[in-house]
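Chain A is the first sequence line, chain B the second, and so forth, proteins listed ahead of strands; every chain is numbered from 1.
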There are 2 protein chains.
Amino acid sequence: MAGPTLRDVARRANVSIRTVSNVVNGYAPVSAELRARVQAALDEMDYRPNLIARNLKQGRTGMIALVVPELDVPYFAELAREVITAARAHGYVVMVDQTDGDGERERELLGRDSRATMFDGLLLSPLTISAEELRSRGNRVPIVLLGEHLFNGSFHHIAIDNVAAARDATEHLLSLGRRRVAAIGDQPYSTGQTAQLRTVGYRQAHTRAGLDVDERLIVPTANFHRRLGAEAMQHLLALPEPPDAVFCYNDLLALGAMRALTRAGRHIPDDVAVVGLDDIEEGQYSTPSLTTVAPHKAEIARTAVDTLLGLINGSAVQPAEIVTSHRLVVRESTVGEAPGRP
Amino acid sequence: MAGPTLRDVARRANVSIRTVSNVVNGYAPVSAELRARVQAALDEMDYRPNLIARNLKQGRTGMIALVVPELDVPYFAELAREVITAARAHGYVVMVDQTDGDGERERELLGRDSRATMFDGLLLSPLTISAEELRSRGNRVPIVLLGEHLFNGSFHHIAIDNVAAARDATEHLLSLGRRRVAAIGDQPYSTGQTAQLRTVGYRQAHTRAGLDVDERLIVPTANFHRRLGAEAMQHLLALPEPPDAVFCYNDLLALGAMRALTRAGRHIPDDVAVVGLDDIEEGQYSTPSLTTVAPHKAEIARTAVDTLLGLINGSAVQPAEIVTSHRLVVRESTVGEAPGRP
DNA sequence: GCTGACTCTTGCATCGTTGCAGAGGTGTAT
DNA sequence: ATACACCTCTGCAACGATGCAAGAGTCAGC
């Protein structure tokens with residue numbers, strides 16, 4: 001099972017271990033004749049370098065870890081894809097892990113027996129863990145945070161401008177003449193910082209338009225999955241004065257909300273217009289297709305990887321909040337032709 | 001940056017390196033007094049074991065790799081989630097990588113400088129690579145294949161019964177009285193073995209029902225993405241005698257097809273019934289929700305991980321084709337109430 | 001008091017690789 | 001002929017951990 005080592009190859013080719021290593025890595029000058037002999041031995045024995053040993057010697061692994069709450073949430077899957085691509089461009093591979101939104105599991109990551117030491121760096125999309133906790137764990141591995149806003153400057157952190165993104169979405173709905181715009185996805189508790197920023201943007205849009213917010217139209221949800229979007233929408237439809245538009249804090253909520261609307265016989269967008277956030281591919285193919293705020297995922301991934309590699313290679317950059325771009329993508333759920341309607 | 005090693009802690013606590021190691025691992029008997037002293041030193045210095053060194057010594061990493069064509073294809077994302085969960089139950093972590101359906105990248109994996117040696121085992125969902133190629137690479141790492149059918153017994157291989165799954169889907173449509181059942185997703189070339197099996201099942205259903213297959217209703221696609229499902233559906237709708245039902249070889253094709261149908265003003269399922277395969281979560285929330293054949297993903301993942309760990313731990317099991325279960329999940333796209341219709 | 005058994009602790013070798021410094025040999029300039 | 005530079009090649013030590021076997025110390029038993 002165990003393959004041949006440098007020593008085995010060296011014995012066979014009748015040279016020193018060191019020379020074999022040199023041939024493998026193309027390091028020091030080796031005479032053509034000897035090189036050929038060694039190469040032959042390498043080939044015959046089908047030598048593969050033991051990367052663990054190499055890593056130990058070199059003090060780096062060429063691996064970074066990407067930790068997300070849930071890998072089968074499309075946004076994270078799409079982000080993971082971009083991160084893998086960005087890392088590969090630098091010769092790094094990515095190990096993806098998920099925490100299931102379980103705070104314990106996030107903490108495990110930083111604990112004494114964590115496998116984090118196996119990686120040159122960590123990209124973490126935190127869900128419940130706080131900055132203080134993160135800092136107090138005195139981690140040895142460089143960390144770059146994704147997505148969550150943590151209110152202090154201890155870590156590098158990449159995210160879109162959540163306030164502006166939510167404002168853009170809401171303003172789009174208001175600009176269509178909608179006047180009862182609901183919001184689905186607020187999380188008015190300590191770990192819901194991103195959601196809260198989106199609520200701020202939602203309010204700002206109203207304020208700027210000189211409109212009041214009807215507090216009953218802001219529906220909090222415990223997570224960002226389709227089911228809760230549907231439930232929140234059902235709740236809104238049951239109000240005495242239901243909304244004529246809804247901004248959902250992510251696309252999954254929006255897809256769930258659309259499902260509930262269709263089920264209830266409401267027409268999108270005529271009766272209720274819907275906007276999401278994330279621009280997952282699914283929204284392009286839903287019925288109707290989903291208007292959304294699109295974060296530039298490739299940019300997020302590239303920036304995150306670049307920043308992390310910078311830390312790894314010792315560029316002592318100051319921790320910084322890095323804001324990446326986003327744009328509104330208008331589709332049928334707000335201005336669409338009504339499919340299957342006159 | 002570099003943390004303290006056993007040596008540093010040993011110096012501080014005035015004991016041997018070996019004793020510190022014993023305390024860390026709880027191995028040999030250590031007197032309470034000494035243990036306390038060492039533990040104190042460990043805590044003060046915030047010692048973290050260097051896993052790379054440990055791995056080198058022990059010859060295993062506790063990591064397996066999962067290689068899929070595309071991580072942002074929901075089926076693979078959902079599968080990855082299950083694999084991560086199954087592996088964690090055995091104390092293993094999973095590194096996920098994607099090949100982008102690029103044969104070169106699949107081959108890289110097995111090449112001389114592959115990082116595969118860093119893993120105790122490999123779960124591979126091959127797209128273009130053949131069994132012969134895989135075998136010829138004389139790999140050192142245990143491999144278990146997922147999903148693709150490779151016609152020989154050289155490797156462990158986990159998959160559903162693709163013929164039966166396709167037959168079940170098609171029979172469901174025929175049992176509804178549909179008589180022009182189309183198939184979207186055939187891949188009549190060497191790397192499309194899974195697709196071809198599904199075509200076999202599609203034909204079997206017709207044969208068993210005593211019906212002929214209209215070859216024009218079998219539409220091949222280059223991949224299994226939404227867009228090609230939509231295009232294939234448009235093509236089918238343009239036929240002189242369009243289908244009254246369609247079996248798509250995966251859910252993404254089905255969702256694309258449904259999108260095209262809705263766009264064209266056709267009603268699902270009244271005009272055209274649609275069945276997919278994979279049971280991705282998206283299909284539960286689409287409009288209409290999608291009837292599909294559901295592979296038991298958790299079972300696939302568990303079986304794959306168990307088999308791989310068996311190989312790793314040296315149980316010299318014979319390579320085997322392992323068939324996991326599937327079931328038909330009926331939703332609105334075949335027997336649904338028509339949403340938004342009288 | 002000596003032996004043996006037992007408990008606790010330690011040093012050495014090792015995993016497979018690479019960094020470093022130098023050995024050995026040849027060729028060139030003086 | 002001597003010195004020097006140069007090109008190849010090699011041995012040793014080290015990365016940080018663990019397996020092994022033995023060293024040191026304590027105690028009981030006869």
**OP:** Sort and list the pairs that fulfil salt bridge (Lys or Arg N to Asp or Glu O under 4.0 Å) and have at least one residue in residues 12-38 of chain A, not counting sequence neighbours.
**Re:** A:Arg12-A:Glu44

Original post:
On DNA chain D, which is the earliest and which the latest nucleotide, 5' to 3', with an atom closer than 4.0 Å to a heavy atom of chain B?
Top reply: D:dC15 to D:dC20

Subject >> All side chain to side chain contact (heavy atoms under 4.5 Å, CB included) counterparts of B:Ala36, not counting sequence neighbours >> reply: none

Original post:
Which residues pass the side chain to side chain contact (heavy atoms under 4.5 Å, CB included) test with A:Ile17, sequence neighbours left out?
Top reply: A:Leu6, A:Arg7, A:Ala10

**OP:** Using salt bridge (charged side-chain N to carboxylate O under 4.0 Å, His left out) as the criterion, list what pairs up with A:Glu82, not counting sequence neighbours.
**Re:** none

Subject >> A:Glu78: partners by salt bridge (charged side-chain N to carboxylate O under 4.0 Å, His left out), with sequence neighbours left out >> reply: A:Lys297

Side chain to side chain donor-acceptor pair (under 3.5 Å) against [X], all qualifying residues, sequence neighbours excluded:
{"X": "B:His90", "value": "B:Asp306"}
{"X": "A:Ser16", "value": "A:Thr19"}
{"X": "A:Asn55", "value": "none"}
{"X": "B:Asp72", "value": "A:Arg81"}

**OP:** Check B:Leu123, B:Val96, B:Leu146, B:Thr99 against B:Val67 for a side chain to side chain contact (heavy atoms under 4.5 Å, CB included) and give me the one that passes.
**Re:** B:Thr99

**OP:** Specify the angle, to 10°, made by the local axes at the two ends of the helix from C:dG1-D:dC30 to C:dT30-D:dA1 when five pairs are taken at each end.
**Re:** 70°

**OP:** Summarise how protein sits on nucleotides 7-15 of chain C as a single string, 5' to 3': B when a protein heavy atom is under 4.0 Å from the base, S for sugar-phosphate-only contact, - for no contact.
**Re:** -SBBB--BB

